[in-house]
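Worksheet: one structure, shown below.
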Number of protein chains: 2
Amino acid sequence: MLVNNSKDKGWEEIIELLANESRRRILQLLTKKPCYVSEISYALRMAPKVVLEHLEKLERAGIIRSYEEGRRRYYYIDRTFNISITISPHRFAIEVIGEQDGDLQKTFSEVAALMNRRAGRELSEVFERLRDMERAFRMLQKDISDRIDELIDRMIVELDRMRLDEISKVVLYALIKGLDTPEKISQTFGIPYEEVNLALTRLEKSGLVSKVEDGGVVRLKLRWRGDVNE
Amino acid sequence: MLVNNSKDKGWEEIIELLANESRRRILQLLTKKPCYVSEISYALRMAPKVVLEHLEKLERAGIIRSYEEGRRRYYYIDRTFNISITISPHRFAIEVIGEQDGDLQKTFSEVAALMNRRAGRELSEVFERLRDMERAFRMLQKDISDRIDELIDRMIVELDRMRLDEISKVVLYALIKGLDTPEKISQTFGIPYEEVNLALTRLEKSGLVSKVEDGGVVRLKLRWRGDVNE
C-alpha cells in the first residue's frame with residue numbers, strides 16, 4: 001500500500017523520466033563525469049536539441065543539476081536516492097529513500113533489534129515486524145550507496161594529489177568510476193585507444209591497476225592502497 | 001554499472017510499463033483480488049478496451065497471468081520481484097531481484113559475514129565489499145517480501161476454514177490485503193458501505209479486528225492469532 005500512502009509522490013515523475021532510454025543513457029554518462037550538451041550529443045549520437053530537452057526535464061525533476069563554467073553549462077548528478085519497486089501477488093509498492101533518510105548507525109541497530117526480537121503468536125504482529133524490517137533494509141541499502149559514493153569522492157581527491165601524467169589520471173579516474181575496459185575508457189573520454197593502453201601499461205607497472213580475466217574478457221581492476229580502517 | 005552488465009534486461013520493459021498511471025492502478029487493484037476486464041473497468045472508471053490493452057501488455061511482459069473461469073478471464077499477479085534503482089553522483093544502477101534469487105538463510109549468513117569482516121587497507125577492497133553488501137541486502141529485501149506474501153497466503157487459507165458469514169470473510173480478506181478503511185473495502189469489493197460496517201462490528205466483537213485512530217483517521221487493524229513461532 002506504499003504506493004497510495006507515500007508522502008513523496010516524486011517517484012511517479014522519476015519513473016516516468018526513467019522510462020525513456022535516451023534519458024537513461026544520459027544519466028549513465030553523467031555518472032562518469034559532468035558533461036555539457038554538445039559533449040553528450042557527440043558521445044551518445046543524439047541531436048543537441050533533443051539532449052537539451054532531456055537535460056531540462058531531468059533538472060526540473062531534481063535528478064540532475066548544472067553549473068556554468070566559461071561559456072559552457074555542465075550537467076551533473078548531485079543527489080543520491082534509491083527507488084524500490086516490489087511487485088508480488090499481494091503487494092505493489094514503490095518507495096523512494098532520499099537524502100534525509102539515511103543514518104547508518106541507527107538503521108544498523110534497528111535491523112539488529114528486529115532480527116533478534118522473537119515473533120509473538122499474533123500473525124498480524126509478525127506481519128508488521130516484517131514490514132518494519134523491509135523498510136530498515138531499504139535504508140541500509142541507501143546508506144551503503146552513500147558510502148560507496150563517499151569512497152569514490154575520496155579516491156578522486158587523492159587522485160588529484162598524485163604525481164602522474166594527465167592521461168594516466170583520466171584513465172585512473174575512469175576506473176574509479178566503474179569503466180573496466182580500455183574500449184569504454186577510450187570512448188567515454190575521447191582518448192585514442194592506443195594512448196589509453198599505454199597509460200594502462202604504466203599504471204600496471206606502478207601497481208595501481210591489474211588485469212583480471214573474467215570469462216575470456218580482460219577487465220581492469222583497480223589496486224588502490226588508501227588509508228582505510230573501519 | 002549494473003545497468004549495462006545486467007543479464008536480465010527485463011527491467012527496461014517493466015519500468016516502461018510502470019511509467020503509465022493506469023497500469024499502476026490496475027496492478028494495485030490486482031493485489032487485492034483476481035479481476036476480470038469489466039470489473040477493473042468499473043472499479044477504475046476506464047474503458048474496457050483500454051483495460052484489456054493494458055492487461056495484455058502486462059501479461060506479455062510476464063508481470064501478470066490469467067485463467068479462465070466460466071465465461072470470464074481473470075487476471076492476477078503470480079510472481080514476486082523487486083526492482084532497485086539507485087541514482088547517485090557516481091552510479092546509476094537498476095537491478096531486478098527475481099524468483100530464483102531468494103534464499104533467506106544463505107543471504108542472512110552472507111550479510112553477517114560481510115558485516116563482521118574487517119576491511120583491509122586496500123580502498124578497492126572496501127569498495128567491492130560494499131558492493132557485495134548492497135547486493136546481499138537487496139536479496140534480503142526480496143526474501144522479506146516473499147515471507148510477507150507467504151504469510152498472507154496462509155491467512156487466506158485459514159480464513160476459508162473459519163465459520164463466518166460471507167461478508168465478514170470478504171471484509172477480513174480485504175484487511176489482510178491491506179485495505180484499512182470501510183470506504184476502500186466497500187469500493188474495491190462492491191459491497192454497500194453499511195454492510196461493510198455491520199460486518200466490521202461483528203468482527204470487532206469476535207476480537208479479529210480493532211479500530212485504531214491514526215491522526216484523526218480511523219483505521220482498521222487486523223488481530224489475527226495464528227500459530228506462528230519463528
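To find a chain, count down the sequence lines: A is the first, B the second, and so on, and within it residues start at 1. On a predicted model such as this, the values are computed, not experimentally measured, just so you know.
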Report summary line: If you tally heavy-atom pairs under 4.5 Å between each of K221(A), K33(A), E21(A), H90(A) and chain B, the highest tally belongs to H90(A)
Query raised in the report: Got more than 12 heavy atoms from elsewhere within 6.0 Å of CD, E183(B)?
Result: yes
**Report entry** More than 12 heavy atoms of other groups within 6.0 Å of Q187(A) CD
**Finding:** no
Query - Validation row: F92(B), L18(A) side chains within 4.5 angstrom (heavy atoms) - result: yes
Query raised in the report: I15(B), I87(B), D153(B), I77(B): which one forms the most heavy-atom pairs within less than 4.5 Å of chain A?
Result: I87(B)
Query raised in the report: Should I148(A) and R131(B) be marked as a side chain to side chain contact (heavy atoms under 4.5 Å, CB included) after you check the CA-CA gap, both sets of side-chain angles, and the distance that decides it?
Result: CA-CA 8 Å; I148(A) 292 178; R131(B) 286 196 192 265; 3.9 Å; yes
Query raised in the report: What's the spacing between F137(A) CZ and D143(B) CG if we round to 0.5 Å?
Result: 9.5 Å
Query raised in the report: Got a second to check how far E134(B)'s CD is from N82(A)'s CG, nearest 0.5 Å?
Result: 7.5 Å
Query raised in the report: Highest number of heavy-atom pairs under 4.5 Å with chain A: which of I14(B), I156(B), I85(B)?
Result: I85(B)
Report summary line: Between the CZ atom in R91(B) and the CD atom in Q28(A), the distance rounded to the nearest 0.5 Å is 10.5 Å
Report task. Supply the atom-to-atom distance R135(B) CZ to I144(A) CD1, rounded to the nearest 0.5 angstrom. Result -> 13.5 Å
Query - Where S145(A) and T86(B) come nearest, the two heavy atoms and their spacing - result: OG-CG2, 3.5 Å
Query raised in the report: Which atoms of L30(B) come close to chain A, meaning under 4.5 Å heavy atom to heavy atom: side chain ones, backbone ones, both, or neither?
Result: backbone
Query - Spacing of NZ belonging to K142(B) relative to OG belonging to S84(A), to within rounding of 0.5 Å - result: 12.0 Å
Report task. Considering non-hydrogen atoms only, spot the tightest contact between K177(A) and P89(B) and give its length. Result -> NZ-O, 4.0 Å
